[in-house]
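Written out below as structure tokens is the structure these notes cover.
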Amino acid sequence: MAKRGTEVRTVGISATGMYVPDRILTNAHLEKMVDTTDQWIQTRTGIRERHVASPGTPASDLAAPALQSALRTRGLLPEELDHVIVTTVTPDMFFPSTACVLQDKVGARNAWGYDLSAACSGFIFGLIAGSQAVASGSVRNAAVVGVDVLTTLVDWTNRNQCVLFGDGCGVVILEPRDDGDGIIDAVLHVDGSGGQYLNMLGGGSLNPPTHATVDQGLHYLYQDGKAVFKVASTSMADVTLEVVERNGFRIQDISLIIPHQANLRIIEAVAKRLGIPREQVLINIDRYGNTTSATIPMGLHEATRSGRVKKGDLVVLTSFGGGYTWGAVLLRWEL
Ligand code: COA
């Protein structure tokens with residue numbers, strides 16, 4: 001760790017990267033696995049297909065190529081990376097952290113780091129943690145890696161959940177800036193009383209893995225879809241407006257909102273509550289499903305590559321997830 005600097009600096013995203021497994025599971029495949037239809041899935045969720053890792057693929061195998069591609073884009077060698085934060089609820093294992101595994105896999109031998117758990121809001125929580133480390137001067141740069149292999153927590157016989165998720169990874173590199181662009185502000189929240197509606201109860205110290213916990217399915221994700229749907233839509237819209245207005249902007253000033261991709265209907269409800277057209281909101285859930293921590297950095301990467309966001313644009317990232325955890329980040333795009 002470098003000696004702590006004295007100045008708090010502005011921090012921005014200097015490169016992005018992403019990786020998804022090659023294997024694509026379409027709704028037609030799912031029709032053969034559970035009692036569902038392409039029509040139900042598309043109408044109720046907006047998902048057409050998702051990328052799914054082969055059995056036995058750890059999160060670090062998705063994270064390594066995504067991080068390597070972001071480093072290449074920025075022109076940084078792995079050993080020039082100072083810090084790595086991996087946001088995930090599907091780490092390779094409880095410990096060592098996936099950050100340690102990833103550091104070794106990519107040869108970032110001078111980086112220190114850790115895993116951060118905030119479910120679908122993991123990436124924006126990690127973005128703020130990483131940007132504060134860079135702003136303080138304690139590190140020169142940081143990689144924030146949103147990665148999940150959520151299909152490992154899915155009961156593939158349960159049609160209520162197996163249609164919703166996919167696997168993937170998105171990465172950003174954070175560095176200080178002199179021009180005041182980059183991350184402008186963030187509003188982050190947790191409400192632990194929402195934990196009962198979205199969780200995975202098995203495997204930790206509360207319910208250590210036993211035959212009984214497996215028999216009860218406690219190693220699978222659980223969600224009360226309707227309860228989550230309602231609070232996710234209102235929370236993402238309200239926190240977006242809060243971060244925009246408290247910085248003196250109007251929602252119309254935002255070029256692109258990149259929301260967590262859990263359900264197309266949630267995204268449409270957010271746009272409606274904000275009074276903005278669908279075109280102002282990034283949607284890629286049709287191709288990836290819900291990739292948990294990875295949805296926002298993957299969206300950011302695709303929006304940059306396709307020219308959907310340009311230098312100088314105001315962008316809001318917003319998410320809602322298990323915990324409950326939610327928030328919004330306002331930034332001026334600099335790539
Ligand atoms: N195929 C066909 N039918 C299905 C189905 C599927 N894949 N999944 C559920 N159904 C059925 C249900 O069994 C139910 O049938 P019933 O009325 O005979 O009981 C019916 O469809 C309606 O189910 P319901 O759960 O009420 O659907 P919904 O419109 O609420 O959609 C979710 C379910 C999960 C898609 C939706 O609630 C959701 O997206 N919630 C938020 C998820 C979320 O944000 N999670 C957070 C992760 S960050």
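Each ligand, and each atom within it, is numbered from 1 in the order the structure gives.
- Residues meeting the side-chain hydrogen bond (donor to acceptor under 3.5 Å, both in side chains) test with His83, sequence neighbours left out: none.
- Near ligand 1, residues Asp35, Thr36, Trp40, Arg44, Thr45, Cys120, Arg159, Asn160, Val163, Leu164, Leu198, Gln223, Gly225, Lys226, Val228, Phe229, His260, Ala262, Asn263, Arg265, Ile266, Asn290, Phe320 come within 4.0 angstrom through at least one heavy atom.
- A salt bridge does not link Arg48 to Asp38: none of the charged side-chain nitrogens sits closer than 4.0 Å to a carboxylate oxygen.
- Taking the charged nitrogens against the carboxylate oxygens, Arg278 and Glu268 do have a contact shorter than 4.0 Å, which makes a salt bridge.
- Pairs engaging residues 240-255 under the salt bridge (Lys or Arg N to Asp or Glu O under 4.0 Å) rule: Asp185-Arg246, Arg250-Asp253 [sequence neighbours left out].
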Distance-only criterion, 3.5 Å: show the donor-acceptor pairs between side-chain atoms of residues 328-335 and protein atoms not counting sequence neighbours.
unit_1: Arg332; atom_1: NH1; unit_2: Gly312; atom_2: O; d: 2.8
unit_1: Glu334; atom_1: OE2; unit_2: Ile13; atom_2: N; d: 2.4

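- Separation of the His51 and Tyr288 ring centroids falls under the 6.0 Å cut-off.
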